[in-house]
Amino acid sequence: MDMSKMDKLVSLCKRRGFIFQSSEIYGGLNGFWDYGPLGVELKRNIKEAWWQDMVRNPPPGPDGQEISMVGVDCSIIMNPKVWVASGHVGGFADPMIDDKETKQRFRADQLHVLVAMPLSDYQALPEGARHGSPPQSYGSLLDHCKFLASSLESSQYCEWTPGAKLADGFRVVKNSHGTGMRNDPESFGSYKFVVELEHRPSKAVWRGAVATAHEDIYARLAELPSPFSGKRGVLTEPRAFNLMFQTYVGAVQSEENVAYLRPETAQGIFVNFQNVVDSSRMKLPFGIAQVGKAFRNEINPRNYTFRSREFEQMEIEFFCNPAESMKWYQYWRDLRKAWYTQLGIKSDNLRPREQGKEELAHYSIGTTDIEYLFPFSEEPQELEGVAHRGAYDLTQHATHSGKDMRYFDEEAWERDKAARGTNSFKEWLKTNPAKEEIEKYSFVPHVIEPSAGADRFTLAVLCEAYAEEEVKGDVRTVMRFHPRLAPIKAAILPLVNKEGMPDIAQKIYRDLKKSFNVFYDDKGAVGRRYRRMDEAGTPYCLTVDGQTLQDQTVTIRDRDTLQQDRVAIKELESVLRTRLQ
RNA sequence: GCGGGCGUAAUUCAGUGGUAGAAUGCUAGCUUCCCAAGCUGGACGUCGCCGGUUCGAAUCCGGUCGCCCGCUCCA
């Protein structure tokens, strides 16, 4: 037998009831998984450890101060405008085009087809529609695309290679790997037309732009040269890859009541920002946390539960004064890494990785991925992203909802108002103070977002825990969970099924299960029962033996060292409590 | 979505056209005072699903679903 560690782990998870394939008896469903009796305990323990350590009892802040944290639990389906504001409606629905020959795939909106047009027409384009800067609004974007499409009739497509020979008056200004689009109309002066074909593999500023006009432009895809080979006739029709799960609210399925299952829990926090401030007397800095399901229609779920279409997030949005935001960013980045280490993830396998500038989302000032080296990959994979999101989200929601998302710093105003010569902030505003001065008191908070994957961490814990070792010529498979996370905390075992041992063991079991998830087992030889508990990752086994009958003590076996100590029955609860911390 | 591989018991696998197997696990009883021991029994598979070829299909063919690997994707 030569199975990889990952194969053996997957097998154990199925066999012992950690993880099952969703709806397995019907052939499963790609990208969906169920947690079995042991898995659900493990995942609950993980979520509860997170809530306890981040929300109820977070460690002190960078200056030793108490951290203020509260939770919310938001609906999965929200007003669809939320997802317009967050950018998911525009950014998450990506039609893709394949190059049939080279098997390359790219987002349709990364195929830029700029068509010939007279210079005067170019100059007549709205400012935002000219190359180089993103259109200011969705509307102008649409207009721009339509305009391009309507001029297709008079267009001529360039060949792939820059400098390729074209008809008089045409030239190629860029190739696929060019950077920055030519935005200087003067340079077009000596040419009647400018023709350009571009494929931009990097994150495009014009996301969705051309996609919105695909009926017009994509009708001519067959004539377009492939950005990879320059060959015509190898591009497929764009196919929609809608990464948001869509549904309908109400019984009538019409365009007006389309809604989405949330692709992240974060937006529920942002839209409730003012509610929490108003209802809970929260003062900056403070955080709002949420644990919950999120849904993404991944193109290709892979690697066991790692990339699932339904998954659970543990997210914090930490709101702070912009002036202090970098301090808090560093605080959360370090704290989140330390948390994983604390729960038994070896630092060798844990890689914090600062994202490069070119990787960052356009709104992010900095992002650190906390990555884990899973056995299924040679590259570390993301467990959590700690992102400095600036004021982006609250500003977006302020713009789209028309609601004020600013925070008023009463303490700062109380401190300074005498110097400002008035008690009323509103009165002071009438004196037309400088913007920077106003923003000392009233501003949109910056946000630090530690966003962790509950299922990903559960998988990391499983991978990290799996171990095989040789004991007296036999292979022992043991899940070395941190005791806080272990699904079963202790097993209670009568050494043999006679002399009243089962009765004593049952009584111990009934007492302990009020406080811990414990397991009673009297089936088979005790060695076999120990091994069964090793596979379940149970840190302690309590065994009732002959001596128990004499002195009311039992043995307590340590999963990792196999050492046994004697403990009085009446002290079991406190001993366990200590050892399980 | 593409290419390749695979799908038989709870698990890991054997079985290439003729009555579905092994090991482990599970289970009942005996034994057993400490690490998958032993003995004697037992249960468990419409061979992923649908269709076709054939007298006859786990086996051949087509489709489909799922899993794995590589691309691709992962605001």
Side-chain angles (χ1 to χ4, degrees), chain A residues 1-4 6-8 10-17 20-33 36 83 86-107 109 201 203-205 207-208 236-241 243-244 263-264 296-304 306-309 359-364 369 376-377 381-382 385 387 471-478 493-499 501 523-535 541 543-549 554-555 557 559 562-564:
Chain A
M1 190 172 359
D2 185 29
M3 289 168 71
S4 74
M6 201 60 207
D7 287 341
K8 286 194 271 196
V10 169
S11 167
L12 182 143
C13 284
K14 169 79 194 292
R15 194 160 43 80
R16 292 307 308 259
F20 306 125
Q21 199 183 0
S22 163
S23 33
E24 189 190 357
I25 62 169
Y26 290 102
L29 188 60
N30 194 351
F32 296 90
W33 300 90
W83 307 112
S86 69
H88 287 85
V89 166
F92 241 49
D94 295 336
M96 309 289 289
I97 294 173
D98 287 333
D99 177 331
K100 285 180 281 194
E101 202 174 61
T102 64
K103 304 299 179 198
Q104 301 263 21
R105 164 176 301 162
F106 52 94
R107 285 204 306 262
D109 61 349
K203 282 171 183 152
V205 179
R207 292 186 58 79
T236 63
E237 290 290 299
R239 282 166 291 199
F241 288 76
L243 297 192
M244 276 209 289
E264 62 175 29
R296 292 184 193 178
N297 223 339
E298 297 289 353
I299 293 171
N300 194 355
R302 273 290 164 86
N303 291 327
Y304 203 29
F306 182 80
R307 178 164 295 132
S308 299
R309 289 181 164 137
E359 273 182 281
L360 291 176
H362 59 280
Y363 49 76
S364 184
D369 286 340
F376 55 72
S377 167
Q381 305 283 330
E382 182 181 348
V471 178
K472 294 181 183 165
D474 234 342
V475 174
R476 181 173 83 117
T477 302
V478 53
L493 318 168
L495 186 59
V496 291
N497 279 314
K498 56 184 187 186
E499 292 170 35
M501 291 180 197
K523 295 286 187 284
V526 74
R528 181 182 304 262
R529 285 177 272 161
Y530 286 146
R531 296 298 176 84
R532 277 198 286 250
M533 284 297 110
D534 290 340
E535 272 192 349
C541 289
T543 306
V544 173
D545 60 8
Q547 194 178 328
T548 308
L549 309 174
V554 297
T555 61
R557 167 195 185 261
R559 175 195 66 200
L562 302 184
Q563 276 222 302
Q564 289 182 297

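Per chain, numbering begins at 1; letters A, B, ... match sequence-line order.
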Problem - Rounded distance in Å between the C1' positions of C73(B) and G1(B) - result: 10 Å
Problem - Pairwise C1' distance for U59(B) and G18(B), with rounding to whole Å - result: 11 Å
Fill in the blank from the handout: 5'-most contact on RNA chain B (nearest-nucleotide basis), Asn303(A) vs Val496(A), goes to Val496(A)
Practice task
Specify the separation, in whole Å, of atom CD of Gln21(A) and atom C1' of U11(B).
Solution key: 15 Å
Exercise for the section: Classify the side chain of Arg302(A) and the base of G70(B) as holding, or not holding, a donor-acceptor pair under 3.5 Å. Expected result: yes
Exercise for the section: Please measure how far the C1' atom in G48(B) lies from the corresponding atom in G42(B), and state the result in whole Å. Expected result: 28 Å
Exercise for the section: Would you state whether a donor and an acceptor, one from the side chain of Tyr530(A) and one from the base of C34(B), lie under 3.5 Å apart? Expected result: yes
Exercise for the section: Please evaluate the base of C74(B) for a donor-acceptor partner in the side chain of Glu382(A) within a cut-off of under 3.5 Å? Expected result: no
Exercise for the section: State the pairing partner of A28(B); accept Watson-Crick or G-U wobble contacts with both distances under 3.5 Å, and report none otherwise. Expected result: U40(B)
Handout entry: Atom P, compared across C61(B) and C68(B): separation rounded to whole Å
Key = 25 Å
Handout entry: G52(B) versus G56(B) - spacing of their C1' atoms, nearest Å
Key = 15 Å
Practice task
Kindly indicate whether the side chain of Arg528(A) and the base of A36(B) share any N or O donor-acceptor pair separated by less than 3.5 Å?
Solution key: no
Exercise for the section: Please state whether the base of C35(B) and the side chain of Arg557(A) form at least one donor-acceptor pair under 3.5 Å? Expected result: yes
Handout entry: Length of the line joining Phe20(A):CZ and G48(B):P, which is rounded to integer Å
Key = 21 Å
Handout entry: P spacing across the pair U46(B) / C50(B), given as an integer number of angstrom
Key = 12 Å
Practice task
For A9(B) and A22(B), measure between their C1' atoms and round to the nearest Å.
Solution key: 11 Å
Handout entry: Quiz item: Gln564(A) side-chain donor-acceptor pair to C34(B) base, under 3.5 Å
Key = yes
Exercise for the section: Could you tell me the separation between the CD atom of Glu264(A) and the P atom of C74(B), rounded to a whole number of Å? Expected result: 16 Å
Handout entry: Pairwise C1' distance for C44(B) and U31(B), with rounding to whole Å
Key = 26 Å
